[in-house]
Participant: 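The structure's right below; bear with me while I get my questions together.
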Amino acid sequence: MKLEEIIKPLLSWYEENKRDLPWRREPTPYHVWVSEIMLQQTRVEAVKGYYERFLTALPQIEDLAACPENKLLKLWEGLGYYNRVKNMQKAAKEIVLKYGGELPADYEEILELPGIGSYTAGAISSIAYGLKKPAVDGNVLRVLSRITENGEDILKQSVKRRVEQELEAVMPADRPGAFNQSLMELGAVVCIPNGMAKCQVCPVQHLCSARAHGTVLEYPKKAAKKQRRIEEKTVLLIQNGQEYAVCRRPDKGLLAGLYEFPNMDGWLTEEEVIRAVEALKLMPLHIKNAGEAKHIFSHVEWHMKGYVVRVASTEKRAGNLLFIDKKESKGKYPIPSAFSAYRKYIEED
DNA sequence: AATGCGGGGCA
DNA sequence: TGCCCAGCATT
């Protein structure tokens with residue numbers, strides 16, 4: 001099978017079957033960029049709402065460059081991988097300074113921007129600028145590994161690099177964006193990752209080696225993942241009248257720069273919690289169990305026990321704690337989904 | 001080359 | 001529960 005045989009059937013199929021997605025309506029470089037960053041390791045359905053809200057709040061690259069960080073993270077709250085949006089703002093500032101507020105129409109220059117790797121650079125180059133550059137993501141690697149029955153580990157960088165070279169050599173110069181999207185679209189709706197691939201409706205089924213041999217479900221091959229570690233935490237919902245305590249996480253590492261409820265490593269007893277609160281120069285009045293919760297990240301699990309602690313204090317700050325008003329703070333502080341089980345304790349009554 | 005980085009949907 | 005998702009940066 002020659003790789004270029006897939007081009008015509010894929011393009012025809014794509015024109016007939018492509019989904020109506022928000023970022024396909026007006027594919028300006030900025031729009032394509034925002035959508036591609038949001039779509040990194042994130043499903044289309046999860047992105048749709050965020051995409052519309054983000055562009056309504058920040059319609060131009062200049063708006064993104066000038067946005068305060070808390071507002072920026074708030075727009076991303078719940079989407080995950082928060083470095084994506086921080087890098088996007090860094091890039092926006094560079095674009096304003098160096099390129100007059102427009103993304104450069106050049107693959108290598110786009111690739112230099114923070115948060116943009118070969119996939120995203122290829123997607124922007126091909127979809128927004130019509131440049132002949134491949135956009136090889138997980139979908140593309142899966143589809144091609146099945147068509148060619150290639151048993152190499154698609155997580156290896158070397159495999160991705162070779163696929164990029166092979167595609168660039170054969171992809172159509174007149175419709176690079178449609179070609180790239182046709183491969184991804186096929187992976188998303190036909191040659192799907194979980195469950196049964198819909199080979200009966202596949203436009204390249206006659207070219208697919210795995211289909212011919214009944215081995216579709218054996219591809220793609222991937223190396224086994226490392227096991228997650230487990231962390232036990234005690235989460236405090238510290239209430240002082242109409243205010244509750246939050247603190248900002250460090251600038252590096254997990255959930256960097258987001259806000260959280262004060263918490264400590266390990267499971268503390270009520271007595272230990274009382275003493276910990278006193279150590280913060282707060283006077284505990286009452287403590288109540290807030291139950292257990294679990295949150296799973298890709299590389300770690302949090303097993304949390306929560307306590308509601310009512311305190312007496314006139315301080316706005318205690319240590320690195322920040323007491324914020326239940327009403328006034330509404331929508332201001334980005335708090336990750338890991339704490340969603342405990343939000344109800346600090347919402348308005 | 002290996003690891004860190006979120007969150008949710010689905011088999 | 002485990003797997004995967006329109007990946008990238010850092011080490």
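Proteins get letters first, then strands, A, B, ... in listed order; numbering begins at 1 in each.
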Participant: What distance, rounded to whole Å, do you find between the two P atoms, one in dC8(C) and one in dG9(B)?
Facilitator: 24 Å
Participant: Take the protein atom CZ of Arg228(A) and the nucleotide atom P of dC3(C), then report the distance between them rounded to whole Å.
Facilitator: 9 Å
Participant: Could you check whether Ser298(A) gets within reach of a base, just the sugar-phosphate, or nothing at all, counting any heavy atom under 4.0 Å?
Facilitator: base
Participant: Contact class for Lys226(A) (heavy atom, under 4.0 Å): base, sugar-phosphate, or nothing?
Facilitator: sugar-phosphate
Participant: Rounded to the nearest Å, what distance is computed from the NE2 atom of residue His299(A) to the P atom of nucleotide dT3(B)?
Facilitator: 12 Å
Participant: Of Arg161(A) and Glu77(A), whose nearest nucleotide on DNA chain B comes first from the 5' end?
Facilitator: Arg161(A)
Participant: When you measure from the side-chain N and O atoms of Arg142(A) to the phosphate of dC4(C), is any distance below 4.0 Å, counting only OP1 and OP2?
Facilitator: no
Participant: What is the distance, to the nearest angstrom, from the OH atom on Tyr81(A) to the P atom on dG7(C)?
Facilitator: 10 Å
Participant: Could you state the atom-to-atom distance from CD1 of Ile37(A) to C1' of dC8(C) in whole Å?
Facilitator: 9 Å
Participant: Of the options Gln157(A), Lys133(A), Glu164(A), Arg161(A), which is the one that meets Ser118(A) in a side chain to side chain donor-acceptor pair (under 3.5 Å)?
Facilitator: Glu164(A)
Participant: Within this structure, what is the CD1-to-C1' distance between Ile116(A) and dA9(C), rounded to whole angstrom?
Facilitator: 13 Å
Participant: Hey, which sits more toward the 5' end of DNA chain C by its nearest nucleotide, Pro114(A) or Glu185(A)?
Facilitator: Glu185(A)
Participant: For dA6(C) versus dT3(B), give the span between their C1' atoms, rounded off to a whole number of Å.
Facilitator: 22 Å
Participant: Looking at dG6(B), does its base get a donor-acceptor pair with the side chain of Thr42(A) below 3.5 Å?
Facilitator: yes
Participant: Using a heavy-atom cut-off of 4.0 Å across all strands, would you classify Val44(A) as base, sugar-phosphate, or nothing?
Facilitator: base
Participant: Suppose you measure atom C1' in dT10(C) against the same atom in dG7(B); what distance do you get, rounded to whole Å?
Facilitator: 22 Å
Participant: By the 4.0 Å heavy-atom rule, please label Lys252(A) as base, sugar-phosphate, or nothing.
Facilitator: nothing
Participant: Regarding Tyr119(A), tell me which of base, sugar-phosphate or nothing describes its non-hydrogen contacts under 4.0 Å with the strands shown.
Facilitator: base
Participant: Looking only at atom types and distance, does a side-chain atom of Ser145(A) sit under 3.5 Å from a main-chain N or O of Arg142(A), one as donor and one as acceptor?
Facilitator: yes
Participant: Looking only at side-chain N and O atoms, does Lys225(A) come under 4.0 Å of OP1 or OP2 in dA2(B)?
Facilitator: no
Participant: Measure from CE on Met38(A) to P on dG8(B) and round the result to the nearest Å.
Facilitator: 15 Å
Participant: How far apart are the C-alpha atoms of Glu149(A) and His213(A), what are their side-chain angles, what is the distance that settles it, and do they pass the side chain to side chain donor-acceptor pair (under 3.5 Å) test?
Facilitator: CA-CA 9 Å; Glu149(A) 260 190 313; His213(A) 300 145; 2.6 Å; yes
Participant: Under 4.0 angstrom, heavy atoms only, what part of the nucleic acid is Lys90(A) near: base, sugar-phosphate, or nothing?
Facilitator: nothing
Participant: Would you give the length of the straight line joining atom CD1 of Ile95(A) to atom CD of Glu109(A), rounded to the nearest 0.5 angstrom?
Facilitator: 11.0 Å
Participant: Whole Å only: how far is the CG atom of Leu79(A) from the C1' atom of dA6(C)?
Facilitator: 13 Å
Participant: Should the pair Lys344(A) and Tyr342(A) be classed as cation-pi, given the thresholds of under 6.0 Å to the six-membered ring centre and 45° from the axis?
Facilitator: no
Participant: So, is His295(A) near the phosphate of dG7(B), with a side-chain N or O under 4.0 Å from OP1 or OP2?
Facilitator: yes
Participant: Regarding Glu45(A), tell me which of base, sugar-phosphate or nothing describes its non-hydrogen contacts under 4.0 Å with the strands shown.
Facilitator: nothing
Participant: For the C1' atoms, the ones on dG8(B) and on dA9(C), what distance do you get once it is rounded to whole angstrom?
Facilitator: 24 Å
Participant: Using a cut-off of 4.0 Å on non-hydrogen atoms, how would the nucleic acid contact of Arg19(A) be classed: base, sugar-phosphate, or nothing?
Facilitator: base
Participant: Is any side-chain nitrogen or oxygen of Asn139(A) closer than 4.0 Å to OP1 or OP2 of dA6(C)?
Facilitator: yes
Participant: Name the closest nucleotide to the Leu254(A) side chain, picking from dG7(C), dA6(C), dC5(B).
Facilitator: dC5(B)
Participant: Which residue in the set Lys90(A), Lys74(A), Arg248(A), Lys86(A) passes salt bridge (charged side-chain N to carboxylate O under 4.0 Å, His left out) when paired with Glu69(A)?
Facilitator: Arg248(A)
Participant: Determine the interatomic distance between C1' on dC5(B) and the same-named atom on dC5(C); round to the nearest Å.
Facilitator: 14 Å
Participant: Can you say whether a donor on the side chain of Arg43(A) sits under 3.5 Å from an acceptor on the base of dC4(C), or the other way round?
Facilitator: yes
Participant: Give one of base, sugar-phosphate or nothing for Trp23(A), where a contact means two heavy atoms less than 4.0 Å apart.
Facilitator: base
Participant: Strictly below 4.0 Å: does Gln40(A) bring a side-chain N or O up to OP1 or OP2 of dG7(C)?
Facilitator: no
Participant: Roughly how far, to the nearest 0.5 Å, is OH of Tyr333(A) from CG of Leu322(A)?
Facilitator: 4.5 Å
Participant: For the pair made of CD1 in Ile296(A) and P in dC4(C), what is the distance, rounded to whole Å?
Facilitator: 15 Å
Participant: Both Arg229(A) and Gly195(A) contact DNA chain B. Which one's nearest nucleotide lies toward the 5' end?
Facilitator: Arg229(A)
Participant: Check for me whether the distance between the ring centres of Tyr50(A) and Trp76(A) falls short of 6.0 Å.
Facilitator: no
Participant: With a non-hydrogen cut-off below 4.0 angstrom, is Leu21(A) in contact with a base, only sugar-phosphate, or nothing?
Facilitator: base
Participant: Counting any heavy atom closer than 4.0 Å, what does Gly187(A) reach on the DNA or RNA strands: base, sugar-phosphate only, or nothing?
Facilitator: nothing
Participant: Report which part of the nucleic acid Ser118(A) touches: base, sugar-phosphate, or nothing (heavy-atom distance under 4.0 Å, all strands).
Facilitator: sugar-phosphate
